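Below is one structure, written out as structure tokens, with a few remarks after it.
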Amino acid sequence: MGSVDRFPDLLPSSAEDEKLRTSSQSQTLTPRLCVVVAVIYMIAVDNDISEVESSQLQSIVGSDAETLKQAVRYKENHSVEQFLREAAA
């Protein structure tokens, strides 16, 4: 099961997609967001997020649904190379 299947409510509808894609391109990476994005890249590397991985992600994010949404949105719109460059800046 991929990240889209595991977190379907975090992805925008087609009407919101373009607006969110534009806003995510200028998204500021905070230290907390970097951690969550990095974890998402790591657990999604095999295109399968297991229950254990999902639980680990939830233990990091806690009840901060907005950070999780931002992280999923960022991962969907940026390559890992882009993330590494931006996180190091």
Side-chain angles (χ1 to χ4, degrees):
M1 181 177 290
S3 60
V4 174
D5 298 327
R6 179 73 63 191
F7 304 109
D9 57 325
L10 298 178
L11 296 178
S13 66
S14 59
E16 300 171 324
D17 192 38
E18 185 59 35
K19 180 181 175 186
L20 291 174
R21 186 175 292 124
T22 303
S23 69
S24 69
Q25 291 172 352
S26 62
Q27 190 172 13
T28 301
L29 286 173
T30 63
R32 178 168 173 76
L33 186 57
C34 282
V35 169
V36 178
V37 171
V39 169
I40 291 173
Y41 275 116
M42 288 186 287
I43 67 175
V45 72
D46 61 357
N47 291 321
D48 180 57
I49 299 177
S50 69
E51 291 293 327
V52 171
E53 292 169 330
S54 177
S55 294
Q56 290 172 337
L57 179 60
Q58 286 297 319
S59 72
I60 293 167
V61 174
S63 62
D64 189 358
E66 186 57 35
T67 296
L68 183 57
K69 286 181 183 180
Q70 290 176 4
V72 169
R73 194 176 318 129
Y74 184 93
K75 191 259 182 210
E76 294 295 324
N77 291 299
H78 295 81
S79 69
V80 70
E81 291 81 11
Q82 288 173 306
F83 167 66
L84 293 173
R85 278 193 306 274
E86 291 178 14

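Position 1 is the first residue of the sequence, and the numbers go up from there. Every value quoted in this text rests on a predicted model; they were computed, and no experiment measured them.
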First locate atom OG1 of T28, then atom CD of E86, and finally report the distance between them rounded to the nearest 0.5 Å. 9.5 Å
Qualifying ring pair (Phe, Tyr, Trp, His ring centres under 6.0 Å) pairs with a residue from residues 37-65, counting only residues at least two apart or across chains: Y41-F83
Under the rule for side-chain contact (heavy atoms from CB on, under 4.5 Å), what residues qualify as partners of L33, not counting sequence neighbours? Q27, L29, T30, V37, T67, Q70, A71
Atom CG of D48 and atom CD of E53: how far apart are they, to the nearest 0.5 Å? 6.5 Å
Checking side-chain contact (heavy atoms from CB on, under 4.5 Å) between V72 and each of K75, E76, K69, which is the one that passes? E76
Which pairs count as salt bridge (Lys or Arg N to Asp or Glu O under 4.0 Å) when at least one residue sits in residues 57-67, sequence neighbours excluded? R32-D64
By side-chain contact (heavy atoms from CB on, under 4.5 Å), V52 pairs with (sequence neighbours left out) S50, Q56
Residue pairs, two or more places apart or on separate chains, that pass salt bridge (Lys or Arg N to Asp or Glu O under 4.0 Å) and touch residues 33-44: none
4.5 Å side-chain heavy-atom contact, L68 and L57: yes
Under the side-chain contact (heavy atoms from CB on, under 4.5 Å) test, which residues partner S63, sequence neighbours left out? none
Residue pairs, two or more places apart or on separate chains, that pass ring pair (Phe, Tyr, Trp, His ring centres under 6.0 Å) and touch residues 52-72: none
